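The next block holds one structure in the form of structure tokens; read it before the comments.
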Protein chains: 2
Amino acid sequence: MTPKKKGHKSSKQVTIKDLARQLGTTPSTVSRALRDQSGVGEKMRERVKALARQQNYRPNAVAAGLRKGNSHTIGVIVPRVNRDFFSGVIAGIEEVAYESRYSVIICQTHDRLDKERQYVETLLSARVDGILVSLGLETDNYDHFEKVISSGIPLIFFDRVPDEMNVNRILVDDYQGSLQVVQQMIRAGYQRIAHFAGPDYLNVYRDRKQGYLAALQKNNIPVDEDLVISNDLTIEAGRRSMQELLAKGIMPDALFSASDYSALGALLFMQEQGYRIPQDFGVAGFSNEKFTSYIKPPLTTVDQHSKEMGKYCMNLFLQEVKGEGGAPGRIMLNPEVLIRESTLRKTDEK
Amino acid sequence: MTPKKKGHKSSKQVTIKDLARQLGTTPSTVSRALRDQSGVGEKMRERVKALARQQNYRPNAVAAGLRKGNSHTIGVIVPRVNRDFFSGVIAGIEEVAYESRYSVIICQTHDRLDKERQYVETLLSARVDGILVSLGLETDNYDHFEKVISSGIPLIFFDRVPDEMNVNRILVDDYQGSLQVVQQMIRAGYQRIAHFAGPDYLNVYRDRKQGYLAALQKNNIPVDEDLVISNDLTIEAGRRSMQELLAKGIMPDALFSASDYSALGALLFMQEQGYRIPQDFGVAGFSNEKFTSYIKPPLTTVDQHSKEMGKYCMNLFLQEVKGEGGAPGRIMLNPEVLIRESTLRKTDEK
DNA sequence: AAATTTTACACAAACGTTTGTGTTGTGCAA
DNA sequence: TTGCACAACACAAACGTTTGTGTAAAATTT
């Protein structure tokens with residue numbers, strides 16, 4: 001009967017002008033008062049704030065952004081948000097952003113180059129104050145990022161970074177992580193270790209492959225080209241690649257995959273084929289996705305300190321924006337190798 | 001030697017005014033030309049576009065937003081992005097948003113009420129054109145959303161929606177989903193089914209509990225209060241609650257959890273205690289997180305059509321923004337019950 | 001050919017801030 | 001009492017668009 005609606009439905013937001021008019025003063029004074037700038041008396045300041053509160057005034061960030069030339073917003077471009085690694089980075093970015101009252105626009109490319117390009121345009125049009133990016137799988141051309149640079153706003157890459165560009169980059173030591181995992185696998189007794197690799201033009205996959213190759217070399221294990229397979233690192237790809245290997249009569253005794261997902265695909269396939277993990281076949285992945293610790297057996301993998309990485313990103317941005325950006329920053333974090341049951345062949349029984 | 005930099009480092013972005021000046025025309029004509037509005041000749045239009053392209057003109061969305069009073073951006077507030085359910089919804093929202101060229105600001109509350117409040121303020125200040133929300137676990141007060149409503153922009157809730165408010169809402173039939181899962185468990189032969197519930201003031205958890213209770217009732221199984229436990233639905237909580245049950249000497253023969261995560265915690269705990277799933281103990285969850293199909297045994301759960309839900313959300317928003325918003329829309333999707341091994345006690349051997 | 005409509009453009013105001021520069025008036029020292 | 005510094009405020013321009021209106025010339029009709 002008595003409708004609960006209080007606020008008028010289509011009420012225009014109250015502006016600084018409205019406040020000024022009601023107080024018999026000017027917009028400039030109101031603006032200064034609200035932001036505690038000098039040049040306005042104690043009494044007026046109080047009156048302004050009181051009225052603002054009472055009228056439910058909310059500053060128009062768009063207008064302020066236009067005038068000040070910045071939006072206090074940053075853009076983050078990632079392949080997908082539902083990877084624990086990326087959502088971890090995002091969490092880190094957000095934590096720092098939240099403290100400094102920055103808004104974060106998150107864009108998912110789904111590993112598609114066209115979307116990546118489009119989002120860069122959108123973010124530049126939205127006049128974000130900076131862009132944080134991890135490249136998509138398809139990205140083998142960086143023209144769209146040149147535009148960002150020439151626009152003058154900070155650009156920071158993390159994890160999947162472009163090789164050719166001299167830009168800020170934050171990453172984990174993929175080479176070391178891979179090296180150590182494979183070393184452990186060899187120590188556990190595996191002899192013919194296969195590798196699932198990603199595209200060679202992305203630093204992370206190249207480095208992981210190099211780490212794998214280095215481990216073999218250090219242990220005088222010859223590299224078998226047949227055991228190194230490139231795929232798109234999904235569960236399905238992992239399953240399929242494993243199947244194809246066996247179909248070709250190639251039988252490794254372990255797998256180090258550049259991704260936890262393709263590792264999982266292979267693991268599931270091998271289990272279905274009746275192989276026992278880790279006795280008959282060892283499996284290791286990369287990224288420390290959460291599921292790796294739930295499955296049976298838990299998967300050996302490499303943690304990339306995703307949240308830390310996110311914090312570093314945002315802090316680097318804040319530095320840059322303060323004008324402290326000299327040469328492009330380069331930060332490399334140490335990965336943490338997590339040896340779990342999936343590569344623990346009964347080696348301790350020696 | 002010859003530095004590659006073309007764009008001047010700190011180059012101010014070229015504006016519509018710059019173009020106008022160079023063409024000997026006015027900003028208004030340039031603006032209309034670029035947007036293919038009527039009132040500008042074919043020849044001039046071409047000249048404008050050519051120059052814009054050549055000078056790398058990029059429209060300033062902030063300025064346009066201020067003038068037009070809309071930002072072509074929407075805000076999405078979710079508890080966390082690294083749940084498959086939420087990232088699925090986000091994917092759906094983005095897909096539709098991308099087509100209609102809307103930007104999406106994603107905000108994670110981490111289930112905290114203070115963050116939820118803060119993000120609402122931020123989004124309103126940023127003058128987003130609409131807000132899509134799924135409530136946090138702590139949210140038992142909706143004052144901050146009243147502000148959104150009185151600001152006049154569309155507000156749409158999904159999945160976790162407020163009871164008291166008469167607003168747009170899109171959800172899945174939690175009651176039906178739960179009812180069917182528990183019915184199946186009973187048919188599979190489980191007699192004493194425990195339930196992990198979330199806070200009663202959130203619709204989804206209340207409905208799931210109701211579905212659970214209804215299933216018992218329909219099968220003339222008395223409700224045992226000891227078997228209904230509220231926790232915060234994390235893995236750890238699931239593990240702990242299960243442990244506490246056993247410690248108290250209460251021994252259910254199955255569990256239906258309102259969340260896949262707490263279901264997983266309980267499942268892992270029971271396996272560690274030597275119980276076989278599903279023979280000795282049945283487990284079912286809710287939400288169809290991806291990991292549920294990887295673990296051993298695969299977990300029975302309920303799919304909520306997350307991506308669909310996201311699309312519905314965004315489409316409902318688009319409708320509202322076109323002014324076609326009559327009474328608040330209410331959409332209920334049918335869930336899909338996924339019976340998997342974790343509740344498949346050898347019932348078919350009858 | 002005159003009257004009328006239409007086209008192609010220019011002009012100017014507006015969106016809501018922020019900020020540089022005037023303009024008072026007050027208090028203080030000389 | 002004059003001069004000066006400074007506080008407290010008003011005034012106005014600017015940020016980059018969009019959009020309503022004005023005004024010629026061109027195209028169309030009669």
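Bear in mind that the values here come from a model prediction, so they are computed numbers and not experimental data. Chain naming here is simple, since letters A, B, ... match the order of the sequence lines and numbering starts at 1 in each.
Within residues 40-49 of chain A, the residues that have a heavy atom under 4.0 Å from DNA chain D are, in order of number, A:Val40, A:Gly41, A:Met44.
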Show your working on side chain to side chain contact (heavy atoms under 4.5 Å, CB included) between A:Val89 and A:Asp159 and close with a plain yes or no. CA-CA 10 Å; A:Val89 175; A:Asp159 193 53; over 6 Å; no
Working for side chain to side chain contact (heavy atoms under 4.5 Å, CB included), residues B:Val120 and B:Ile77: CA-CA 8 Å; B:Val120 166; B:Ile77 301 179; 3.8 Å; yes
Before you tell me yes or no, could you show the steps for B:Lys17 and B:Val30 under side chain to side chain contact (heavy atoms under 4.5 Å, CB included), namely the whole-Å CA-CA distance, both residues' side-chain angles and the distance that decides it to 0.1 Å? CA-CA 8 Å; B:Lys17 279 187 193 171; B:Val30 174; over 6 Å; no
Quick one, B:Arg45 with B:Asp36, criterion salt bridge (charged side-chain N to carboxylate O under 4.0 Å, His left out). Give me CA distance, side-chain angles, the key distance, then yes/no. CA-CA 8 Å; B:Arg45 191 185 303 279; B:Asp36 283 319; 3.4 Å; yes
CA sep, side-chain torsions, deciding dist, call: B:Lys68, B:Asp129, salt bridge (charged side-chain N to carboxylate O under 4.0 Å, His left out): CA-CA 11 Å; B:Lys68 296 201 290 190; B:Asp129 295 353; over 6 Å; no
As a quick check of understanding, evaluate side chain to side chain contact (heavy atoms under 4.5 Å, CB included) for B:Glu116 and B:Phe145, giving each step before the final call. CA-CA 10 Å; B:Glu116 195 173 281; B:Phe145 294 117; 3.4 Å; yes
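A rotation axis mapping the C1' atoms of four pairs onto the next four is fitted at both ends of the helix from C:dA1-D:dT30 to C:dA30-D:dT1 over five pairs, and the angle between these axes is 50° to 10 degrees.
A salt bridge between B:Arg21 and B:Asp18 is present, with a side-chain N of the basic residue lying under 4.0 Å from a carboxylate O of the acidic one.
Ring pair A:Phe317/A:Tyr102 is perpendicular by interplanar angle, where above 60° counts as perpendicular and below 30° as parallel.
Using modelled atom types, one finds no donor on one side chain facing an acceptor on the other under 3.5 Å when comparing B:Gln22 with B:Arg47.
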Which nucleotides of nucleotides 13-20 of chain D have their base under 4.0 Å from a protein heavy atom (B), which only their sugar-phosphate (S), and which neither (-), written as one string 5' to 3'? BBBBBBBB
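With B:Ser71 contributing its side chain and B:Arg127 its backbone, the two residues share a donor-acceptor pair below 3.5 Å.
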